[in-house]
Undergrad: 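Next up is a structure, given as structure tokens.
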Amino acid sequence: MYRIRLATFEVTNTLLKFKIPVGEEYSQISKLYGIQSDAAQLNAAFKRQWKILNQKHPNFGATTGLAPQTWWANLIGGVFHDAGYDYLDQKQLQTISRHLFKAHSTKVCWQMQRGTHSLLDNLSKASVQLGIISNFDNRLQSILSDVGLLPHFNFVIDSYSAGVEKPCRDIFNLALDHVKHLDIPPEQAVHIGSNLHADYWGATNAGWNALLLTKKTNLSPEELKIVNPKDILSDVREAEKRILEPDVVRFRYRF
């Protein structure tokens, strides 16, 4: 059994969450410009367009040379067209896109999960190094600063700036490089996130420990067979107990 010396986190749906659903946010912003839209339709369209654009331009456009603002403008335009608002002209879509991009760059659209500050404080007091490994664009540091979380972390890695995204092993190795002066091996590192593929499998395949923030009902029977039940968290605050209490922590290699 190894003492955990490095804990890294995903941001979205782990430390931070949207104040309101994406579709509702898009609908409210479009209404400011005289456009009536249905939040549920926009929310469904967002999920479809997210998959399409990630396949065409992965990692927020980092792999194909797009700037994040251009990537998001393409996504937002696709969402409104997909939802049936294809009568909107390019100028209207650009106005909505700029507003949404700016709003999501600050704490306007984000809120912290309960207990986040105390969790990070207690881990830091226990001499655990803290970092961020997030599939996110290059606005991440400014968002963390605006919500008051940035001072907690020894380093922040966003996939766009790194040029590689989870679940690739390279992004986890990059995190270890940030603390190489402390000689922390993978078995003394843990990653906490809400995505089974990117966060849990990505970390364990890199030789790390991992904690998955989700409900067991979100996982299929096949997925539950390869996820240690003790690694599933229903609340991010449970991570403190799993990481710090030696009689509870039983991390092991799974692959």
Side-chain angles (χ1 to χ4, degrees), residues 10-111 132-144 146-147 157-168 171 193-199 202 214 218:
E10 173 54 75
V11 173
T12 306
N13 296 325
T14 301
L15 298 180
L16 299 179
K17 62 181 179 179
F18 294 124
K19 289 182 179 179
I20 59 176
V22 171
E24 190 173 337
E25 185 72 40
Y26 281 34
S27 181
Q28 288 185 7
I29 297 302
S30 66
K31 189 176 181 179
L32 294 176
Y33 301 99
I35 301 162
Q36 299 297 324
S37 56
D38 183 88
Q41 289 178 342
L42 289 171
N43 206 59
F46 179 88
K47 293 177 181 178
R48 292 190 293 268
Q49 291 299 313
W50 176 270
K51 292 180 181 178
I52 292 170
L53 200 58
N54 268 294
Q55 290 175 351
K56 189 175 181 180
H57 300 286
N59 196 10
F60 306 97
T63 60
T64 55
L66 289 184
Q69 190 161 2
T70 302
W71 191 93
W72 281 102
N74 289 342
L75 176 69
I76 292 165
V79 168
F80 278 92
H81 283 150
D82 188 338
Y85 305 100
D86 48 6
Y87 58 85
L88 298 177
D89 60 35
Q90 194 63 28
K91 185 176 180 180
Q92 289 174 304
L93 290 172
Q94 286 177 349
T95 300
I96 295 170
S97 174
R98 283 195 294 267
H99 192 136
L100 284 167
F101 188 82
K102 184 176 180 180
H104 283 90
S105 301
T106 69
K107 62 184 177 183
V108 169
C109 295
W110 299 93
Q111 65 183 28
I132 294 290
I133 306 176
S134 182
N135 286 354
F136 213 103
D137 62 50
N138 57 4
R139 294 174 293 170
L140 184 54
Q141 284 217 91
S142 64
I143 293 170
L144 291 171
D146 206 39
V147 299
I157 299 173
D158 70 82
S159 62
Y160 183 88
S161 300
V164 61
E165 58 184 344
K166 297 175 297 182
C168 182
I171 201 167
S194 61
N195 186 285
L196 175 64
H197 184 245
D199 294 307
T214 191
N218 291 336

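Note that the structure is predicted; figures quoted are calculated from it, not measured. Hydrogens, waters and symmetry mates are skipped; everything else that's a heavy atom, side chains included, is used.
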Undergrad: Could you please spell out the steps behind the side chain to side chain contact (heavy atoms under 4.5 Å, CB included) verdict for His99 and Tyr33?
TA: CA-CA 10 Å; His99 192 136; Tyr33 301 99; 2.7 Å; yes
Undergrad: Could you walk me through whether Leu66 and Asn74 pass side chain to side chain contact (heavy atoms under 4.5 Å, CB included), step by step?
TA: CA-CA 10 Å; Leu66 289 184; Asn74 289 342; 3.9 Å; yes
Undergrad: Can you check side chain to side chain contact (heavy atoms under 4.5 Å, CB included) on Phe80 and Leu42, steps first, answer last?
TA: CA-CA 7 Å; Phe80 278 92; Leu42 289 171; 3.8 Å; yes
Undergrad: Restricting to non-hydrogen atoms, name the atom on Asn138 and the atom on Pro68 that form the minimum distance, rounded to 0.1 Å.
TA: OD1-CG, 3.4 Å
Undergrad: Working note: Glu10 + Asn195, criterion side chain to side chain contact (heavy atoms under 4.5 Å, CB included); need CA distance, chi angles, decisive distance, verdict.
TA: CA-CA 9 Å; Glu10 173 54 75; Asn195 186 285; over 6 Å; no
Undergrad: Can you see which heavy atom on Tyr160 is nearest to which on Gly61, and at what distance?
TA: CE1-C, 4.0 Å
Undergrad: Indicate yes or no for a side-chain donor-acceptor contact from Asn59 to the backbone of Ser159 under 3.5 Å, with no hydrogens or angles considered.
TA: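 Flag set: sc Asn59 to bb Ser159 pair under 3.5 Å.
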Undergrad: Hey, is the main chain of Val79 close enough, under 3.5 Å, to the side chain of Tyr85 for a donor-acceptor pair?
TA: no
Undergrad: Write down the atom of Asp82, the atom of Gln49, and the distance for their closest heavy-atom approach.
TA: OD2-NE2, 3.0 Å
Undergrad: Could you give the distance from CZ (Arg98) to CD (Gln94), rounded to the nearest 0.5 Å?
TA: 5.5 Å
Undergrad: Closest heavy-atom contact between Ala198 and Lys166?
TA: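 Ala198 and Lys166 have their closest heavy atoms at O-CB, 3.5 Å.
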Undergrad: About how many Å separate NZ of Lys56 and CG of Leu75, when rounded to the nearest 0.5 Å?
TA: 12.5 Å
Undergrad: Minimum heavy-atom separation for Phe60 to Trp72, with atom names?
TA: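 Phe60 and Trp72 have their closest heavy atoms at CE2-CZ2, 3.8 Å.
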Undergrad: Does a donor on one side chain and an acceptor on the other come within less than 3.5 Å for Asp146 and Trp110?
TA: no
Undergrad: Between NZ of Lys107 and CD1 of Ile143, what distance do you get to the nearest 0.5 Å?
TA: 13.0 Å
Undergrad: Is the number of heavy atoms from other residues, nucleotides or ligands under 6.0 Å of Lys19 NZ greater than 12?
TA: yes
Undergrad: Just by modelled atom types, is the Ile52 backbone N or O under 3.5 Å from a matching donor or acceptor in the Gln55 side chain?
TA: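 Between the backbone of Ile52 and the side chain of Gln55 there is no qualifying donor-acceptor contact (under 3.5 Å).
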Undergrad: Please tabulate, for the side chains in residues 21-29, all donor-acceptor contacts under 3.5 angstrom to protein atoms that are two or more places apart in sequence or on a different chain.
TA:
from: Glu24; atom 1: OE2; to: Gln28; atom 2: NE2; distance (Å): 3.4
from: Ser27; atom 1: OG; to: Ser37; atom 2: O; distance (Å): 2.9
from: Ser27; atom 1: OG; to: Ser37; atom 2: OG; distance (Å): 3.3

Undergrad: Quick one: pull up CG in Leu16 and CD in Gln111 and give me the separation to the nearest 0.5 Å.
TA: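 Those atoms lie 9.0 Å apart.
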Undergrad: Say you draw a straight line from CD1 of Ile171 to CG of Asn135; how long is it, rounded to the nearest 0.5 Å?
TA: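 Ile171 CD1 to Asn135 CG: 6.0 Å, rounded to 0.5 Å.
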Undergrad: Mind checking whether Lys51 and Asn54 have side chains closer than 4.5 Å, heavy atoms only?
TA: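 Lys51 vs Asn54: side chains apart.
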Undergrad: To the nearest 0.5 angstrom, please state how far the CD1 atom of Ile76 sits from the NE2 atom of His81.
TA: 12.5 Å
Undergrad: Identify the two heavy atoms, one from Ile132 and one from Leu140, that lie closest to each other, and give their separation to 0.1 Å.
TA: CG2-CD2, 3.8 Å
Undergrad: Apply salt bridge (Lys or Arg N to Asp or Glu O under 4.0 Å) to the pair Asp137 and Arg139, showing each step before the final yes or no.
TA: CA-CA 6 Å; Asp137 62 50; Arg139 294 174 293 170; 2.8 Å; yes
Undergrad: Would you check if the side chain of Thr14 reaches a backbone N or O of Val11 as a donor-acceptor pair within less than 3.5 Å?
TA: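 No, because the side chain of Thr14 does not come within donor-acceptor range (under 3.5 Å) of the backbone of Val11.
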